[in-house]
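Below is one structure; the comments refer to it alone.
A quick note: this is a predicted structure, and the numbers were derived from the prediction, not measured. Residue numbers begin at 1 in each chain, while the letters A, B, ... track the order of the sequences.
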Protein chains: 2
Amino acid sequence: MRRREEQSAAFRDALWVSRCVGHAGTTPLRLEDVEDLARFIRVRTLAAGEPLARVGDEPTAVCIVREGCLELAVHGSTGRLVIQTLRAGDIDGDIQMLLNVRMPYETRANVETTCLILDRSAFEELLATHPHVSRRWLTSVSQRLARSHSRLTSLLGEPLEVQVAQLLLEERVDDVVNLTQTTVAALLGVRRPSVNKVLRRFAGNGLVALSYGKVQILDATALAEVSAPQP
Amino acid sequence: MRRREEQSAAFRDALWVSRCVGHAGTTPLRLEDVEDLARFIRVRTLAAGEPLARVGDEPTAVCIVREGCLELAVHGSTGRLVIQTLRAGDIDGDIQMLLNVRMPYETRANVETTCLILDRSAFEELLATHPHVSRRWLTSVSQRLARSHSRLTSLLGEPLEVQVAQLLLEERVDDVVNLTQTTVAALLGVRRPSVNKVLRRFAGNGLVALSYGKVQILDATALAEVSAPQP
DNA sequence: CCCCGACTGTCATCCAAGTGACACTCCCGG
DNA sequence: CCGGGAGTGTCACTTGGATGACAGTCGGGG
């Protein structure tokens with residue numbers, strides 16, 4: 001009985017993966033794929049601030065974010081720099097496993113986060129024996145590459161005000177951005193006082209409301225206007 | 001006879017793809033994969049400056065760079081911005097095809113460039129029916145994502161001098177960087193005079209030699225020193 | 001062989017963001 | 001309920017890159 005409950009929980013997680021990871025529309029999974037996926041999945045919960053992997057680690061497992069938020073960060077000459085935040089459906093560790101390299105960044109939980117874990121052997125077996133899973137994984141990596149490209153374009157050459165506006169719109173969940181101003185600064189590669197100045201200006205114009213550790217978006221339309229200046 | 005020559009040329013191209021695209025070490029292709037690949041490949045040559053696709057285009061084909069250099073660029077408020085340069089073995093158009101979206105950037109040849117083209121139907125058939133090709137493609141996209149991440153970290157928060165040094169080291173082919181200073185500026189999201197100032201300083205210290213449309217690296221070691229300040 | 005367009009070299013001025021610092025406020029845990 | 005660590009608000013000063021401009025140079029195509 002106990003075992004059957006566990007199995008059905010794993011199956012539900014696998015089903016969720018089949019809906020939320022990658023681009024479900026063009027590459028559906030079969031029931032048997034989901035069942036096999038369920039066999040391999042392990043759940044792990046990370047406390048806020050808890051690291052999942054450090055720079056230089058050998059990748060030992062693939063992590064699919066189920067709920068919460070991870071951040072990929074490096075520590076450069078100017079302090080912490082956040083490469084990307086991972087939300088539900090995003091994946092970490094697969095790239096390094098596929099390319100057989102060590103982790104080039106640190107992965108940390110921003111808030112309490114639930115992850116689905118696939119061990120190295122499970123991941124490799126899944127990809128090798130399940131073409132549909134492999135194909136679907138391709139769309140997941142593609143999504144991340146597209147996002148990374150769009151991040152590059154919004155960071156390069158845009159004034160800080162535009163960058164902040166775009167970031168807020170991208171990172172919002174339900175019109176709330178659950179990031180500290182320090183983290184926002186680390187995502188943009190700028191200093192906190194600069195971010196603070198922009199946010200205060202936005203707040204003054206009624207676009208956002210600031211509170212401890214988060215930003216509430218009040219006027220998304222106006223913010224979108226700021227982020228894409230009219231030609 | 002004529003036909004057989006063409007076929008063998010296509011086979012050589014396919015063989016080259018099997019060696020140079022993605023991560024050959026961990027995911028080898030079979031002879032039959034290469035043969036089927038050869039059946040679909042078409043060659044196209046782009047003149048310097050010739051566009052391959054524009055922003056908003058429907059992706060109709062996948063392009064594998066065989067020789068030369070493509071650039072992915074957008075035109076923002078501050079002028080041209082280069083997201084990435086593609087060299088031999090790099091691929092363009094697959095991401096948008098997989099995710100079923102339009103091209104978010106323009107693709108142009110920087111110099112005369114030879115490409116291997118796979119039409120949409122060929123690409124989809126290959127992926128659907130050849131698990132090894134699909135698996136290999138996964139490593140290619142992964143490589144690009146890893147490069148994109150490393151580009152983000154080197155752009156964000158580093159002083160311009162460091163950025164330029166890293167870019168020169170990354171883009172060099174045989175110690176020569178075949179990019180105009182304007183293009184370097186577009187890759188870094190800064191203005192040309194700023195790039196010029198840094199390059200002149202490097203030239204003054206004997207690290208590089210400047211000439212029309214390219215930069216010759218004279219002292220890669222010292223340049224690496226600049227790009228990674230000692231702890 | 002010469003011309004025109006593309007690229008480089010350079011400059012004076014301006015401004016956005018960095019720097020480093022300090023006080024204040026908010027939570028969480030003991 | 002209170003103490004301390006984390007996060008925010010703010011400021012005076014500095015700086016690096018943007019701006020816009022113009023002259024000089026290269027080199028391919030007619």
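The phosphate of D/dG17 (OP1 or OP2) has no side-chain N or O of B/R191 nearer than 4.0 angstrom. Using a 4.0 Å cut-off, some side-chain N or O of A/S194 falls inside it from OP1 or OP2 of C/dG18.
Side chain to side chain, A/H23 and A/Q143 fail the donor-acceptor criterion of an N or O pair below 3.5 Å. For the residue pair A/R144/A/S148, the side-chain donor-acceptor check at 3.5 Å is not satisfied.
Spacing between atom CG of A/L160 and atom C1' of D/dG16 amounts to 16 Å, rounded to whole angstrom units. B/R80 has its CZ atom 12 Å from the P atom of C/dA6, to the nearest Å. Put simply, CD on B/E158 is 12 Å from P on D/dG17, counting in whole angstrom units. Taking atom CG on B/N178 and atom C1' on C/dC7, their separation rounds to 14 Å, with Å as the unit. Here D/dT8 presents its P atom at 12 Å from NZ of A/K214, a figure rounded to the nearest Å. Rounded to whole Å, atom C1' of C/dG18 lies 15 Å from atom CG of A/L188.
The residue A/T78 sits apart from the nucleic acid: no heavy atom pair falls under 4.0 Å.
In terms of position along DNA chain C, the nucleotide closest to A/R201 lies nearer the 5' end than the nucleotide closest to the other residue of the pair A/R201 and A/Y212.
Of the possible donor and acceptor atoms, none in the side chain of B/E158 sits under 3.5 Å from a partner among the backbone N and O of B/Q163.
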Mind listing the N/O atom pairs, protein and nucleotides 9-13 of chain C, below 3.5 Å?
{"unit_1": "C/dG9", "atom_1": "OP1", "unit_2": "B/R200", "atom_2": "NH2", "d": "2.6"}
{"unit_1": "C/dG9", "atom_1": "OP2", "unit_2": "B/Q181", "atom_2": "NE2", "d": "3.0"}
{"unit_1": "C/dG9", "atom_1": "OP2", "unit_2": "B/N196", "atom_2": "ND2", "d": "2.6"}
{"unit_1": "C/dG9", "atom_1": "N7", "unit_2": "B/R192", "atom_2": "NH1", "d": "3.3"}
{"unit_1": "C/dG9", "atom_1": "O6", "unit_2": "B/R192", "atom_2": "NH2", "d": "3.0"}
{"unit_1": "C/dT10", "atom_1": "OP2", "unit_2": "B/R200", "atom_2": "NH1", "d": "3.4"}

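The pair A/E50-A/R44 meets the salt-bridge criterion, since a charged nitrogen lies less than 4.0 angstrom from a carboxylate oxygen. The pair B/D175-B/R172 meets the salt-bridge criterion, since a charged nitrogen lies less than 4.0 angstrom from a carboxylate oxygen.
The CD1 atom of B/I95 sits 9.5 Å away from the CE atom of B/M103 when rounded to the nearest 0.5 Å.
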